[in-house]
Asker: 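One structure, pasted below without further comment.
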Amino acid sequence: MGEMRETYDVVVLGTGAAGLSAALTAAALGGSVGLFEKAPTVGGTTAVSGGVAWIPAHERPDVPSPPTVDEALTYLRSLSNGTMDDALVEVFVRQAAPTIEFLEAHSPVRFSVAEGFPDYKPEHPGARPQGGRSFNPQPFDFSELGEWAARVTAFPQDFSNVGFDAETRARMWGDADGPAPGSDVRVTGAALVGALLRGLLDLGVEPRTGHRGVDLLRHGAEVTGVVLETGDGRIEVGARRAVVIASGGFEWDPELVKAFLRGPMDGPVSPPYNTGDGLRMAMRAGAGLGSMGHAWWVPVVQMPGDTYEGHPRSRSVRLERTRPRSIMVNRYGRRFCNEAADYNSLGGAFHYFDGVRFEFPNLPAWLVIDHRHLETYGFLGFGAGDELPGWLHRSADLTELAQRTGIDAEGLAGTIAAWNANVAAGHDPDFRRGASAYDGYWGDRSQPTVAEQTLGPIDEPPFYAVRISSGCLGTKGGPRTDVHGQVLDVDGRPITGLYAAGNAMAGPTGIAYGGAGGTIGPALVFGHRAAVHALGAAVGAAR
Ligand SMILES: Cc1cc2nc3c(=O)[nH]c(=O)nc-3n(C[C@H](O)[C@H](O)[C@H](O)COP(=O)(O)OP(=O)(O)OC[C@H]3O[C@@H](n4cnc5c(N)ncnc54)[C@H](O)[C@@H]3O)c2cc1C
């Protein structure tokens, strides 16, 4: 074993939303903090994300009739289907707004409410079709980070930064002007990470990259530190009050994925460092587990040869399946979902299992568009005049498209005839696409009605198809915690000194994904609460 080189009040593993929130809180409350990150850069999935935080109840002055605690609880319960941890969800709902205030008070991070961003199930009781719960981090100037500006995780800024095309990025600027020429102002998750990191640096905490937590140090049943793998071998770091596991999910570990997830998951969209190290450490310490079958599901496209740091990349597909003149079909040529629904809900559609044929009929699926779609909106970075790669199948007619892809030709022809007739009638009786306030949000906003923003015939050849499968933004399962973020053992007793937050913890919301920011919101809250509890601090958010 390595030598004990240093000891802190609080040791945090991981520098995503959960880890930064925990570390910033601990430092702001006067604790000494060791912040360790496995990757060569900081920020994790959070840094490449939209950075939106879902704050279900608050009293921000810029929102007319701000959402209440009761409304939020009613809404989340309506999505739970028995999978939520009620106690944790209640704490999240009540403490989200105070947590945001705390982070704003102790760092340059600032949030503004994303105007008109509907909740993901806006017609459920307690939901907000008019938006008001999704908070954008305001743009942050990376020139304030000095040498750390180059040390924040980023995907290459190509055509679609995992779904962040030019239109999406423009919306993320909110009311702010776009970047001034030559400036280094960032939006989305980069802005969130950058601003929290600035706050930490100001409080004297420097993250240590290339430090991978691999094991916990224990004295009896109590956790007293961690073992870290570094470029210079293993070291031991002591923790007087807490080790906070904020090391993300296990989506990049195929064995854990196979062992736990409830259905196929072909490609994570996150950076490739979340391999369940925290889960393994917690299991060794006797943690009870929860939410292990669930993930933040997302439909993905995979392009041959598309890699990030040597790992195959998967890219989320959102605008392409929401805008008019685009549908998804399975290998039988049948539609199987409302393509414009929120990405997480589509996980269930992909995981439908046909017990007669004994197969997942909707995996893989195919996204089919016509030429007008390509001409009007572009598709996965390609325009109408571009040379198309082989994986984006192009055919003069539907029969040829079926031959190229292996989709059943008769099924495809029948589905598209029925779809075109329904679109002409202005509705989708099969899956009610265009009936929810959410369905138009990422559709063609130049159209006047939600239905027209997302419904359109597929009738102008040539036709195109791309293979779609089931991916995730991250997994949701991990060690169960109490309302303070303290890890519980298999008998439900707190393990002294051990906390978990973010995607590393047993996700409190079960299968639910309330609205944009539904993962970063709880990650910020439970990271914060872990630090508050560990230091025994009497701040408002500790209650
Ligand atoms: C393209 C995209 C867009 C998204 N948009 C949004 C959005 O707008 N709103 C939202 O709520 N969610 C969004 N998500 C999901 C969201 O980003 C994640 O669920 C969330 O950021 C997870 O935060 P976290 O802190 O738990 O984990 P992460 O941000 O993944 O951080 C975990 C960190 O731990 C590090 N780590 C792993 N193992 C170890 C170890 N052994 N020791 C030390 N460090 C370790 C990792 O390298 C990583 O830096 C998006 C995801 C993607 C991919």
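We're numbering straight along the sequence, starting at 1. Counting starts at 1 for both ligands and their atoms, following the listed order.
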Asker: So, applying side chain to side chain donor-acceptor pair (under 3.5 Å) with Thr275, which one of Glu251, Arg280, Glu255, Lys38 is it?
Answerer: Lys38
Asker: Compile the donor-acceptor pairs under 3.5 Å between side chains in residues 11-22 and protein atoms, sequence neighbours left out, one pair per line.
Answerer:
from: Thr15; atom 1: OG1; to: Glu37; atom 2: OE1; distance (Å): 2.6
from: Thr15; atom 1: OG1; to: Gly43; atom 2: N; distance (Å): 3.0
from: Ser21; atom 1: OG; to: Leu524; atom 2: O; distance (Å): 2.7
from: Ser21; atom 1: OG; to: His528; atom 2: N; distance (Å): 3.3

Asker: Look up atom NE2 in His351 and atom CH2 in Trp297, then write down how far apart they are to the nearest 0.5 Å.
Answerer: 4.0 Å
Asker: What part of Asp277 sits under 4.0 Å from ligand 1 if we count only heavy atoms: the side chain, the backbone, both or neither?
Answerer: side chain
Asker: Side chain, backbone, both or neither: which part of Trp54 comes within less than 4.0 Å of ligand 1 when only heavy atoms are counted?
Answerer: neither
Asker: Please report the interatomic distance CG(Leu88) to NE2(His484), rounded to the nearest 0.5 Å.
Answerer: 10.0 Å
Asker: Is ligand 1 less than 4.0 angstrom away from at least one heavy atom of Gly278?
Answerer: no
Asker: So is Ala246 in contact with ligand 1, going by heavy-atom distances below 4.0 Å?
Answerer: yes
Asker: Taking distance alone, with no angle check, do Ala18 and ligand 1 share an N/O pair under 3.5 Å?
Answerer: yes
Asker: Can you find an N or O of Gly213 that's nearer than 3.5 Å to an N or O of ligand 1?
Answerer: yes
Asker: Could you say whether the N/O atoms of Ser270 and ligand 1 ever approach to under 3.5 Å?
Answerer: no
Asker: Would you check the N or O atoms of Gly51, main chain and side chain alike, for any that come under 3.5 Å of an N or O of ligand 1?
Answerer: yes
Asker: Any donor and acceptor pair, going by atom type alone, linking the side chain of Ser470 with main-chain N or O of Gly347 inside 3.5 Å?
Answerer: no
Asker: Please round to the nearest 0.5 Å and tell me the distance separating atom CG of Asn344 and atom CH2 of Trp296.
Answerer: 7.0 Å
Asker: Can an N or O of Arg212 be found at a distance shorter than 3.5 Å from an N or O of ligand 1?
Answerer: no
Asker: Are any of the N/O atoms on Leu473, whether in the backbone or the side chain, positioned under 3.5 angstrom from an N/O atom of ligand 1?
Answerer: no
Asker: Would Gly517 count as a polar contact of ligand 1, with the cut-off being nitrogen or oxygen pairs under 3.5 Å?
Answerer: yes
Asker: Has Arg60 got its NZ or CZ under 6.0 Å from the middle of the six-membered ring of Phe111, at an angle within 45 degrees of the ring axis?
Answerer: no
Asker: Is there a donor-acceptor pair closer than 3.5 Å between any side-chain N or O of Thr83 and the backbone N or O of Ser80?
Answerer: yes
Asker: For ligand 1, is there an N or O atom under 3.5 Å from any N or O atom of Ala501?
Answerer: no
Asker: Could you tell me whether Gly44 and ligand 1 have an N or O pair separated by under 3.5 Å?
Answerer: yes
